[in-house]
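Notes follow once the structure below has been shown.
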There are 2 protein chains.
Amino acid sequence: MRISEVAERCGLSISTIRFYEKSGLCPFVQRGADGKRKFSKADSDWLELLASLRSTGMPLEEMRAFAELYASGDDKIAERKAALLAHRRRLDDRQTELDRCRVILDRKLQRYAEIMEDQA
Amino acid sequence: MRISEVAERCGLSISTIRFYEKSGLCPFVQRGADGKRKFSKADSDWLELLASLRSTGMPLEEMRAFAELYASGDDKIAERKAALLAHRRRLDDRQTELDRCRVILDRKLQRYAEIMEDQA
DNA sequence: TACCGACCTGAAGCTACTTTAGGTCAAGCG
DNA sequence: CGCTTGACCTAAAGTAGCTTCAGGTCGGTA
């Protein structure tokens with residue numbers, strides 16, 4: 001698969017994919033004789049997972065550690081699961097924060113609506 | 001109110017508050033004769049609102065524009081409401097993305113659980 | 001043959017902070 | 001009284017996570 005296709009699939013930009021490779025988040029991506037990256041289905045899936053971890057706030061450093069576990073195969077499954085469970089909790093925190101902000105925002109919008117009512 | 005109290009209340013760090021002031025997000029904060037910032041209740045509330053906008057992804061540039069509307073008082077209420085409504089939609093997008101990532105994460109955790117089952 | 005589009009690299013630029021270095025001032029203590 | 005401590009101040013440098021830019025290599029097409 002070409003880099004543009006993978007970008008399309010996983011929702012990361014082409015430069016972000018290159019940046020991730022350079023940062024050691026997917027060091028296993030192959031190259032063709034022409035020097036271009038060749039992505040397998042597994043590579044694409046991995047980048048999609050990375051994208052969803054990143055977009056919910058996992059730091060690159062932690063993703064790099066996770067990538068290393070991933071690279072050393074199924075005997076690190078327990079550690080990989082632990083890493084994702086830790087992130088799962090962070091996701092719940094995000095949800096809480098999102099709800100909290102929604103309340104603040106909606107209250108403010110309500111107040112604005114009332115002021116505009118009075119002005120009319 | 002001292003800067004440390006405001007930081008406590010609104011959940012921003014002291015340096016972030018100073019940085020926000022320098023960036024024009026709260027140019028109205030008063031100073032004492034000693035040069036120290038003196039925050040009113042309104043200042044604190046404003047920073048709390050900023051914090052919740054920021055933590056749900058509003059860019060500083062947009063916050064700065066919002067701060068300008070805020071500074072010019074109640075005749076800009078309609079525009080302020082429009083800005084918050086636009087952000088409200090962004091918040092919904094975040095929610096959608098969060099849900100999407102939760103599904104991916106939970107599916108992955110499920111897979112790991114199965115693999116560990118097989119290994120046992 | 002000349003150009004186009006998709007890829008490549010390294011380096012600089014950008015956003016939103018955080019950290020550091022160095023300084024002021026009031027309060028408390030021996 | 002001098003000394004330290006702690007909370008504040010500033011300007012500047014550092015950091016994370018990208019994005020953009022400048023410049024170069026291909027394979028295919030008019």
Side-chain angles (χ1 to χ4, degrees), chain A residues 1-40 43-44 46-68 87 90 94 97 101, chain B residues 1-40 43-44 46-68 87 90 94 97 101:
Chain A
M1 220 181 295
R2 289 175 302 129
I3 196 169
S4 53
E5 293 177 74
V6 177
E8 179 99 6
R9 283 194 193 212
C10 70
L12 295 169
S13 76
I14 292 181
S15 2
T16 300
I17 294 175
R18 294 204 267 248
F19 169 70
Y20 279 7
E21 189 194 30
K22 192 153 56 176
S23 311
L25 298 181
C26 49
F28 38 73
V29 171
Q30 302 297 307
R31 300 288 181 121
D34 51 1
K36 295 185 181 174
R37 293 173 184 82
K38 303 283 164 198
F39 298 83
S40 67
D43 294 342
S44 172
W46 170 249
L47 282 165
E48 192 188 344
L49 177 60
L50 284 190
S52 78
L53 293 175
R54 187 69 201 89
S55 88
T56 47
M58 184 182 283
L60 285 207
E61 186 50 41
E62 205 171 316
M63 284 166 65
R64 216 190 40 69
F66 185 60
E68 262 175 37
H87 185 64
R90 189 149 37 192
R94 285 226 151 188
E97 171 70 359
C101 293
Chain B
M1 220 181 296
R2 290 176 301 130
I3 196 169
S4 53
E5 295 177 72
V6 178
E8 179 98 8
R9 283 194 192 213
C10 71
L12 296 168
S13 76
I14 293 181
S15 1
T16 300
I17 295 174
R18 293 204 267 248
F19 169 69
Y20 279 8
E21 189 194 31
K22 192 155 54 176
S23 311
L25 298 180
C26 49
F28 40 73
V29 172
Q30 302 297 307
R31 299 289 180 120
D34 52 0
K36 295 185 182 176
R37 293 172 183 83
K38 304 282 164 200
F39 297 83
S40 67
D43 294 342
S44 173
W46 170 248
L47 282 164
E48 193 189 344
L49 177 60
L50 285 191
S52 77
L53 293 176
R54 187 66 200 93
S55 88
T56 48
M58 186 183 280
L60 284 208
E61 185 50 41
E62 205 172 315
M63 285 166 63
R64 215 191 40 70
F66 185 59
E68 262 175 38
H87 185 64
R90 190 149 37 192
R94 285 225 152 190
E97 171 70 357
C101 292

Rounded to the nearest angstrom, tell me the gap between atom CZ in A:F39 and atom P in C:dA6. 16 Å
Any residue in residues 4-24 of chain A with a heavy atom nearer than 4.0 angstrom to DNA chain D? Just list them by number, or reply none. A:S13, A:S15, A:T16, A:F19, A:Y20
Taking atom P of D:dG28 as reference, at what distance in whole Å does atom CZ of A:R2 sit? 13 Å
Salt bridge or not for B:R54 and B:E62, using N-O below 4.0 Å? no
5'-most by nearest nucleotide on DNA chain D - A:E61 or A:D34: A:E61
Between D:dC8 atom P and B:M1 atom CE, what is the distance in whole Å? 13 Å
Examine A:W46 together with A:Y20 and report whether their ring centres are nearer than 6.0 Å. no
C:dA16 P sits how many Å from B:R64 CZ, rounded? 11 Å
Would you call B:E5-B:R2 a salt bridge at under 4.0 Å N-O? yes
Applying salt bridge (Lys or Arg N to Asp or Glu O under 4.0 Å), run through A:R94 and B:E97 and close with a yes or a no. CA-CA 12 Å; A:R94 285 226 151 188; B:E97 171 70 357; over 6 Å; no
Assign each of B:M63 and A:K36 the nucleotide of DNA chain C bearing its closest heavy atom; nearer the 5' end lies the nucleotide of A:K36
Can you spot which of B:L50, B:D43, B:L47 makes a side-chain contact (heavy atoms from CB on, under 4.5 Å) with B:C10? B:L47
Rounded to the nearest Å, what distance is computed from the CG atom of residue B:L60 to the P atom of nucleotide C:dT18? 11 Å
If you check the A:I3 side chain, which of D:dC9, C:dA6, C:dC8 turns out closest? C:dC8
Report yes if a side-chain nitrogen or oxygen of B:R37 is closer than 4.0 Å to either non-bridging phosphate oxygen (OP1 or OP2) of D:dC9; otherwise report no. yes
Value in whole Å for how far the P atom of C:dC17 lies from CZ of B:R54: 4 Å
Rounded to whole Å, the CZ-P distance (A:R31 to D:dT25) equals 17 Å
Looking only at atom types and distance, does a side-chain atom of B:T16 sit under 3.5 Å from a main-chain N or O of B:L12, one as donor and one as acceptor? no
In whole angstroms, how far is the P atom of C:dA16 from the CE atom of B:M58? 12 Å
Between B:E61 and B:R64 (salt bridge meaning N to carboxylate O under 4.0 Å), is one present in this structure? yes
